[in-house]
Each structure stands twice: as C-alpha cells, then as structure tokens.
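To start, the structure under review is shown below, and the notes come after it.
Atom set for the values below is all heavy atoms of this structure, side chains included, hydrogens, waters and symmetry mates excluded.
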Protein chains: 2
Amino acid sequence: MLFSKGCTYAIRASLLVTTKEIKDGRKFIPIRELSDELDLSFHFLTKIMQVLTEAKIMESFRGPNGGVGLARPAREITLIDVIAAVDGLDLFSECALGLPGCGEKTPCPLHAAWAKRREDLHRMFEKTTLAGLAKELELNALRH
Amino acid sequence: MLFSKGCTYAIRASLLVTTKEIKDGRKFIPIRELSDELDLSFHFLTKIMQVLTEAKIMESFRGPNGGVGLARPAREITLIDVIAAVDGLDLFSECALGLPGCGEKTPCPLHAAWAKRREDLHRMFEKTTLAGLAKELELNALRH
DNA sequence: GATATATAAGATACAAGAGTCTTAAATCTG
DNA sequence: CAGATTTAAGACTCTTGTATCTTATATATC
C-alpha cells in the first residue's frame, strides 16, 4: 500500500470533518460520529485524530458538544500536511530500492525514473487541499 | 515504503545475478555469494529467491557449482514480473484511500489523480527490464 | 560410494503496525 | 455540585512482515 491504514483513515476523517463543517456549519464533530459514519474503530480513530491535533491540523474540545474540527480553513490544509503528520515524508525522498546512498551523484539504476515520479506525486498531494477534495466529492454526488 | 523489503532485495539480487551472468558468463550464482555482496541475510534472501524460482523468473540448481540464475534472457524479465511475484500488484490497482468500491463509476475524490499516476508507474516498471537496468548500472560506473 | 557443497522447506523468533481497552481529565447541562 | 459527554493518554493484544535457524534433499567431486 502507498499509505498506512492510519494515514488513509486520517485523510477520510479530515475530509468528513471538512464537509460537515462546510455543509452544517458546525465547529466540532465528535469522533464517535466520524467513526460511525466511516465504519472504523472509535478508539483507533481517536489516536489518529490526536496525532492530527498535535500537528496543528485539527483542534479538539472536550466535554458535551466537543469533538474535533479543522484548525485552519480547509483551503489551507493540504494532503501533504496530513500525510506528513501520520506517515512522514520518507516515501517522497527515499530510493525505490531502499539504497541509503542513492541520489543525483550516485544514482541507483532506477533513480531518475522514480525520482521524477515521486516528486510529481509530492506536488500533487501538496496541491490537493481538503476544500478541493470536498468540492470534488460534492460534484461526484451531483453526477450520480 | 513503495515496496516491501523483500521486494527491494529481490530486485537488487536479480540485478546482481544479471550482471554476473552478462559479465562473467556464469549460469548459476550461489545465494551465499549474492547475500555477501548485497550485505543482507543469507537465509532471508534464500526464501526470496525461492519465491522468484517458483514464479519461473529464476532457475536453481543444488549441490556444488549450484546456485540461482535467470530462467529467461534478461531482456525478457521486467521489474513488474519481480514485483508481482513478491509483493503482488495491489499497489497498481488499489484506491489510494483503500476504499473498496472506488473506481471509474464511483470514484473517491482522489481517484482520477492517483489512477493516472499509478498506471504510469505500472507502465514504467513494465518497460524496465533487468537487461536495461544492468546497462544503466554499467553506464553509471563509467561516469564516475 | 563417501564427502562436501548448495538449495529447499518449514519451524521458530523477533519487531513493527494495527487495533482494542481502560482510566483520567476536561467541559457542559440541569 | 452531580452526572453525562467527550477527548487524552497509555497499556495491552493481535496480526503481519521481517529475519533466523534447523533439517532435509539434490548434486558434484574424489
């Protein structure tokens, strides 16, 4: 898999928070509500949302009417922010063959081809914002 | 990581077998020799080479002067063959968010962007042969 | 045929990732 | 203030990937 499970859960949950914030105008969404709708473990998602909170991507609030919400406007949060917080950015800097010395000066035979593509992937995830994905989701719903 | 460790070892070992076959004209290379030169566990590499042998990418021969060798000409073995045997091809067909229903008809918001790139990656690994990588390695050595 | 060499196969051990559970702390409501 | 709600934190378990070890089996050489 490209991302760890935790990372895909983080992306899906962030996106759900975004749409709820935009459509319902709510500031904090209970993690229980997110885990129910995404059909995944509440406790596991809690741990992941804590990581996003530490990374200043989310804000959290305890007690009744509490939950998690975006710490910044959805158009200012990119997928790279979420990926970096959960999985780190090794994927976008590592050699495809895991060779530590591989680089421009001493390339492995796959270096040129992979470096080009991993940078393209990095740029794509950097350009993709939660607001953009939410918009995309809405358009898909309309088309069905 | 893009590939499992076993998969990167498989690629590196296959490539080493290729260069030894081309340069020294030997048919079978002992796994011990490969693990020594690649600096990784002999027993682990043995298991991986068994997978490649089962997949008809390698041939093996026991006893003195035995070892493993390419089952076909190096220009007919692609990286996709090796990757498919060790890690499988899920990476090139799966949704980036791990959503089972994701596809052209019911796309997740990342579908279009990721599908394009994962197909490009697939084509690249499909076009890359062991012979091509060995050639690349030789050119790199000349440039240093 | 005896011995040494080398892979084959499978059992076992270790580590990391994924997921669960429990307890604590903060906050709101009545 | 009491009780309900909700996140925080960390211990714990389960599973999977990674790695090692042991015992077969096949082959070549002498």
Side-chain angles (χ1 to χ4, degrees), chain A residues 1-14 17 20 26-71 83 85-88 90-91 98, chain B residues 1-13 17 20 26-71 83 85-88 90-91 97-98:
Chain A
M1 257 205 299
L2 190 65
F3 303 128
S4 72
K5 296 226 176 168
C7 191
T8 66
Y9 296 170
I11 295 173
R12 285 155 64 183
S14 308
V17 169
K20 281 177 181 290
R26 289 194 286 160
K27 187 83 195 76
F28 293 106
I29 321 291
I31 297 179
R32 174 73 64 184
E33 186 180 328
L34 300 174
S35 67
D36 280 353
E37 290 192 32
L38 295 172
D39 194 33
L40 41 91
S41 153
F42 164 72
H43 288 104
F44 191 37
L45 185 57
T46 295
K47 213 156 73 169
I48 293 161
M49 296 320 270
Q50 276 174 33
V51 172
L52 296 186
T53 303
E54 276 166 32
K56 301 270 168 48
I57 294 169
M58 295 278 171
E59 268 172 4
S60 68
F61 208 80
R62 298 202 233 198
N65 304 321
V68 293
L70 303 183
I83 294 163
V86 182
D87 275 2
D90 284 356
L91 175 65
Chain B
M1 256 204 300
L2 191 66
F3 303 127
S4 72
K5 295 222 176 171
C7 190
T8 66
Y9 296 171
I11 296 173
R12 285 154 66 183
V17 169
K20 281 178 181 289
R26 290 194 285 161
K27 186 85 195 76
F28 293 106
I29 321 289
I31 297 181
R32 175 71 68 184
E33 185 180 327
L34 299 173
S35 66
D36 280 353
E37 291 192 33
L38 296 172
D39 194 33
L40 41 92
S41 152
F42 164 72
H43 287 104
F44 192 37
L45 185 58
T46 293
K47 215 155 71 166
I48 293 162
M49 297 319 271
Q50 275 174 32
V51 172
L52 296 185
T53 303
E54 276 166 31
K56 301 272 168 49
I57 294 169
M58 295 278 170
E59 268 172 4
S60 68
F61 208 79
R62 298 202 233 197
N65 305 322
V68 292
L70 302 182
I83 294 164
V86 182
D87 276 1
D90 284 354
L91 175 65
L97 299 183

Can you see if the side chain of A:Ser60 gets near the phosphate of D:dA8 - specifically, an N or O under 4.0 Å from OP1 or OP2?
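Indeed, a polar side-chain atom of A:Ser60 lies that close.
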Please give, in whole Å, the distance from [N] [atom2] to [X] [atom1]?
X	N	atom1	atom2	value
A:Glu59	D:dA8	CD	P	11 Å
A:Met49	D:dT6	CE	C1'	14 Å
A:Met58	D:dT7	CE	P	12 Å
B:Phe61	D:dT29	CZ	P	10 Å
A:Leu52	D:dT7	CG	P	14 Å

Set of salt bridge (charged side-chain N to carboxylate O under 4.0 Å, His left out) partners for B:Lys27, sequence neighbours left out:
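So B:Lys27 forms a salt bridge (charged side-chain N to carboxylate O under 4.0 Å, His left out) with B:Glu59.
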Going by number, which of residues 27-38 of chain B have a non-hydrogen atom under 4.0 Å from DNA chain D?
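When residues 27-38 of chain B is checked for heavy atoms under 4.0 Å from DNA chain D, there are no hits whatsoever.
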Sequence neighbours left out, what pairs pass salt bridge (charged side-chain N to carboxylate O under 4.0 Å, His left out) with at least one residue falling in residues 2-11 of chain B?
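For residues 2-11 of chain B, and leaving out neighbouring residues, there are no salt bridge (charged side-chain N to carboxylate O under 4.0 Å, His left out) pairs at all.
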Give every residue pair that meets the side-chain hydrogen bond (donor to acceptor under 3.5 Å, both in side chains) criterion with at least one member in residues 29-49 of chain A, sequence neighbours excluded.
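side-chain hydrogen bond (donor to acceptor under 3.5 Å, both in side chains) check on residues 29-49 of chain A returns A:Lys20-A:Glu33, A:Lys20-A:Glu37, A:Arg26-A:Glu33.
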Using the side-chain contact (heavy atoms from CB on, under 4.5 Å) criterion, which residues pair with B:Lys56? Sequence neighbours excluded.
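For B:Lys56 there are no side-chain contact (heavy atoms from CB on, under 4.5 Å) partners, ignoring immediate neighbours.
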For A:Ala10, side-chain contact (heavy atoms from CB on, under 4.5 Å) partners two or more places apart
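Expected list: A:Ile48, A:Leu52, A:Val82, A:Val86.
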List for me each residue that meets ring pair (Phe, Tyr, Trp, His ring centres under 6.0 Å) alongside A:Phe44, sequence neighbours excluded, and say none if there are none.
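Partners of A:Phe44 by the ring pair (Phe, Tyr, Trp, His ring centres under 6.0 Å) criterion, ordered by chain and then number, come out as A:Tyr9.
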With sequence neighbours excluded, residues passing side chain to side chain donor-acceptor pair (under 3.5 Å) with A:Asp87:
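With neighbours one apart ignored, the set is A:Ser4.
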With rounding to the nearest 0.5 Å, note down the distance linking CG in A:Leu2 to SG in A:Cys7.
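Between atom CG of A:Leu2 and atom SG of A:Cys7 there are 8.5 Å.
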Once you round to the nearest 0.5 Å, how far does CD1 of B:Ile83 lie from OG1 of B:Thr8?
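Taking CD1 in B:Ile83 and OG1 in B:Thr8, the distance rounds to 10.5 Å.
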B:Asn65 and B:Phe28, any side-chain heavy atoms less than 4.5 Å apart:
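Answer no - side chains too far apart.
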Scan residues 62-71 of chain A against DNA chain C and write down, sorted by residue number, each residue with any heavy atom closer than 4.0 Å; if none is found, say none.
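By residue number: A:Arg62, A:Gly63, A:Pro64, A:Asn65.
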On a heavy-atom basis, which atom in B:Val68 and which in B:Ser60 lie closest, and how many Å separate them?
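Nearest heavy atoms, B:Val68 then B:Ser60: CG1-CB, 4.1 Å.
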Could you pull out the closest heavy-atom pair between B:Ala85 and B:Val51, with the gap in Å?
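The answer is O-CG1, 3.5 Å.
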Strictly under 4.0 angstrom, non-hydrogen atoms only: write out the protein contact profile of nucleotides 11-20 of chain C, one letter per nucleotide from the 5' end, B, S or -.
-------SBB
Bend angle of the helix from C:dG1-D:dC30 to C:dG30-D:dC1, end axes from five pairs each (to 10°):
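It works out to 0° between the end axes.
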Test side chain to side chain contact (heavy atoms under 4.5 Å, CB included) on A:Met58 and A:Ser14; report intermediate values, then the result.
CA-CA 8 Å; A:Met58 295 278 171; A:Ser14 308; 3.7 Å; yes
